[in-house]
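Reading through the structure tokens given below for one structure.
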Amino acid sequence: MNETMQTIHSLRTIHGDFSDREISEANLEQIIEAAVRTANASARQSYSIIVLDDRVKMKDLFGYQGSRALIFNVDFTRIMAAARFLGQEFDNDDIIGFITGSIDTVLAAQTAVIAARSLGIDSLITNGLHRNQLDEVYRELYLPETSCFPLITVVLGYPRKEPDFQKGRLSTRHVVHYGTYHAPDDDQLREIVAEYDDKSRHMGFINDWERLGFEHYLDWFYVKWTGKPVKEKIAAGKVLEFQERLQKSGFWWPTGK
Ligand SMILES: Cc1cc2nc3c(=O)[nH]c(=O)nc-3n(C[C@H](O)[C@H](O)[C@H](O)COP(=O)(O)O)c2cc1C
């Protein structure tokens with residue numbers, strides 16, 4: 001493997017908190033410079049990055065802390081402000097804009113993760129912000145109410161403890177389709193279930209599902225991790241909060257603007 005491949009294949013998430021060791025400003029700058037090199041649609045770079053160094057604030061906002069956190073927002077406010085500045089019109093805060101902006105945003109976040117790892121710095125990608133009250137997140141970060149949505153956070157630092165193992169993935173044949181899409185048949189589904197059950201692959205979040213009364217890891221996953229599917233798709237709780245926030249930001253509206 002070349003060095004880039006080695007870096008990518010050595011990626012692992014640090015769950016929980018990082019150590020007190022700080023990353024250098026020079027490394028932080030390199031990570032951010034790499035992130036903003038990422039491809040982006042229509043040269044808009046429709047994201048913004050908030051850099052946090054306050055560990056208490058990190059913990060309050062998304063439940064984890066490290067040397068730095070990079071909060072990646074889908075953000076059209078900059079390009080909209082530039083349009084106003086020039087007396088032009090621009091409006092991309094609709095669902096298509098949100099999807100395209102989200103792609104720009106997560107690609108930049110993943111580039112930060114890879115760049116960090118190449119410098120010996122570990123990371124945690126977390127959507128912990130979304131478990132917080134979104135109103136509170138907007139208030140704490142002074143986020144613009146419209147055309148901006150906090151999508152994903154990358155916490156950077158050095159591990160307090162090295163992970164015991166690297167987590168596995170499904171065999172690529174289960175996720176790659178050549179030429180056209182092929183729905184999995186029962187044989188393939190049996191293999192997929194078996195891969196999750198193979199403890200040496202470290203695929204899931206727990207490894208004692210039999211002790212907990214489940215035949216397969218995925219049985220535990222569907223019952224205990226994801227919970228029962230919602231029969232009536234009426235938005236409630238977090239879903240409603242997301243819908244309302246996306247409507248407020250202008251990215252989503254149910255029946256027309
Ligand atoms: C969108 C997203 C959200 C995640 N949120 C969390 C999180 O809140 N807490 C956490 O410990 N890990 C989180 N993770 C990390 C995953 O749990 C981790 O990537 C997965 O278990 C595979 O492990 P690995 O990255 O070490 O290979 C998140 C990852 C992604 C992509």
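Since we're looking at a predicted model, the values are computed, not measured. Atoms considered below: every heavy atom in the structure, side chains included; atoms not considered: hydrogens, waters and symmetry mates. As the structure lists them, so they are numbered: ligands from 1, and atoms in each ligand from 1.
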Inset, instruction - Report the relative orientation of the aromatic rings in Y181 and H177; use parallel for angles under 30°, tilted for 30 to 60°, perpendicular for over 60°. - result: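 Rings of Y181 and H177: parallel, under 30°.
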Inset, instruction - Using a strict 4.0 Å threshold on nitrogen-to-oxygen distance, state whether D104 and R44 make a salt bridge. - result: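 Salt bridge flag = no for R44 with D104.
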Inset, instruction - Could you tell me whether K224 and D219 have a side-chain N and a carboxylate O separated by less than 4.0 Å? - result: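 Judged by the 4.0 Å cut-off on N to carboxylate O distance, K224 and D219 do not form a salt bridge.
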Legend entry - Sub-4.0 Å heavy-atom environment of ligand 1, residues by chain: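 Heavy-atom contacts below 4.0 Å: R12, T13, H15, Y64, L124, I125, T126, N127, R131, I152, K167, R169.
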Legend entry - Qualifying salt bridge (Lys or Arg N to Asp or Glu O under 4.0 Å) pairs, either residue in residues 68-79, two or more places apart: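 Qualifying pairs, neighbours excluded: E22-R68, E25-R68.
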Legend entry - R160 charged N/C atom sitting above F18 aromatic ring, 6.0 Å / 45°: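 That pair does not qualify as a cation-pi contact.
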Inset, instruction - Without swapping roles, check the side chain of H174 against the backbone of E195 for a donor-acceptor pair under 3.5 Å. - result: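 The answer is no, because no donor-acceptor pair under 3.5 Å joins these two groups.
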